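On a predicted model such as this, the values are computed, not experimentally measured, just so you know. Residue numbers start from 1 in every chain, and the chains themselves are labelled A, B, ... in the order their sequence lines are given, proteins ahead of strands.
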Amino acid sequence: DAGVTQSPTHLIKTRGQQVTLRCSPKSGHDTVSWYQQALGQGPQFIFQYYEEEERQRGNFPDRFSGHQFPNYSSELNVNALLLGDSALYLCASSLRGVTGNTIYFGEGSWLTVV
Amino acid sequence: DAKTTQPPSMDCAEGRAANLPCNHSTISGNEYVYWYRQIHSQGPQYIIHGLKNNETNEMASLIITEDRKSSTLILPHATLRDTAVYYCIVRPSGGGADGLTFGKGTHLIIQP
């Protein structure tokens with residue numbers, strides 16, 4: 001049973017560019033969330049997708065957008081990259097509607113903006 | 001803001017039990033306590049969660065006080081591979097749209 005998988009593992013972008021990160025949820029999960037983790041900090045919630053719609057959003061600007069596909073996989077897009085966007089981006093999945101459900105995380109995508 | 005308070009760091013000798021405390025004095029009746037850990041440069045790893053009763057799995061035990069205002073994660077026989085940042089998180093039980101709020105966690109260092 002594959003867990004949460006993310007790609008790419010590492011990437012380097014230039015300020016002003018755009019980036020797309022990808023996530024496949026754990027088998028049987030239908031909800032995907034994205035988190036940003038800056039060096040030395042805990043993960044910060046960006047947004048969550050369920051049934052191909054954004055359901056909840058953290059305190060992140062509109063430059064951060066996402067998408068969920070019918071197979072439950074998801075993409076995170078960041079436009080107009082800033083140096084401060086350099087971070088580990090984590091994807092997490094869960095099964096919605098299950099009381100006390102467990103959220104599982106992927107290994108993340110390291111983004112460096114230069 | 002995080003709803004939990006944890007010590008920033010702890011040491012434990014290899015082979016001994018590591019007891020990590022967490023205060024969540026404002027926890028609501030429908031909120032679970034979740035524990036994750038994060039080894040350097042990896043994604044957070046789920047450890048255990050509970051609502052009211054104590055819980056145990058192959059990784060750890062979770063002891064929740066009767067008033068639910070605090071809990072303790074116990075790693076019964078700590079190894080060097082248990083060195084990590086441990087996060088205690090409270091989360092509603094509805095299983096719906098709720099992003100996890102991470103605090104700073106406890107950096108547990110297992111000493112040989």
Any pair with a residue in residues 61-88 of chain B that passes ring pair (Phe, Tyr, Trp, His ring centres under 6.0 Å), sequence neighbours left out, goes on the list, sorted by first then second residue, please.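 Counting only pairs at least two positions apart or across chains, the ring pair (Phe, Tyr, Trp, His ring centres under 6.0 Å) contacts touching residues 61-88 of chain B are B:Y87-B:F102.
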
Enumerate by number any residue of residues 58-77 of chain A whose heavy atoms lie under 4.5 Å from heavy atoms of chain B; in the absence of such residues, state 'none'. none

Hey, does the side chain of A:S109 reach the backbone of A:Y89 with a donor-acceptor pair shorter than 3.5 angstrom?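 Answer holds: no.
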
Look only at the side chain of A:E53 and the backbone of A:Y50, and say whether a donor-acceptor pair between them is shorter than 3.5 Å. no

B:Q38 portion near chain A, given a 4.5 angstrom heavy-atom threshold: side chain

Please flag which part of [X] lies under 4.5 Å from any non-hydrogen atom of chain B: side chain, backbone, both or neither.
X	result
A:I103	both
A:W110	side chain
A:Q41	both

Can you list the steps and then say if B:L100 with B:R91 is a side chain to side chain contact (heavy atoms under 4.5 Å, CB included)? CA-CA 7 Å; B:L100 297 178; B:R91 175 179 174 237; 3.3 Å; yes

Identify whether the distance between the nearest side-chain nitrogen and carboxylate oxygen of A:D85 and A:K13 falls below 4.0 Å. no

Should B:K52 and B:E66 count as an ion pair when the cut-off is N to O under 4.0 Å?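 Salt bridge flag = no for B:E66 with B:K52.
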
Please work out which of the three classes, parallel, tilted or perpendicular, describes the rings of A:Y35 and A:F105, given edges at 30° and 60°. tilted

Show your working on side chain to side chain contact (heavy atoms under 4.5 Å, CB included) between B:T83 and B:I39 and close with a plain yes or no. CA-CA 7 Å; B:T83 292; B:I39 298 171; over 6 Å; no

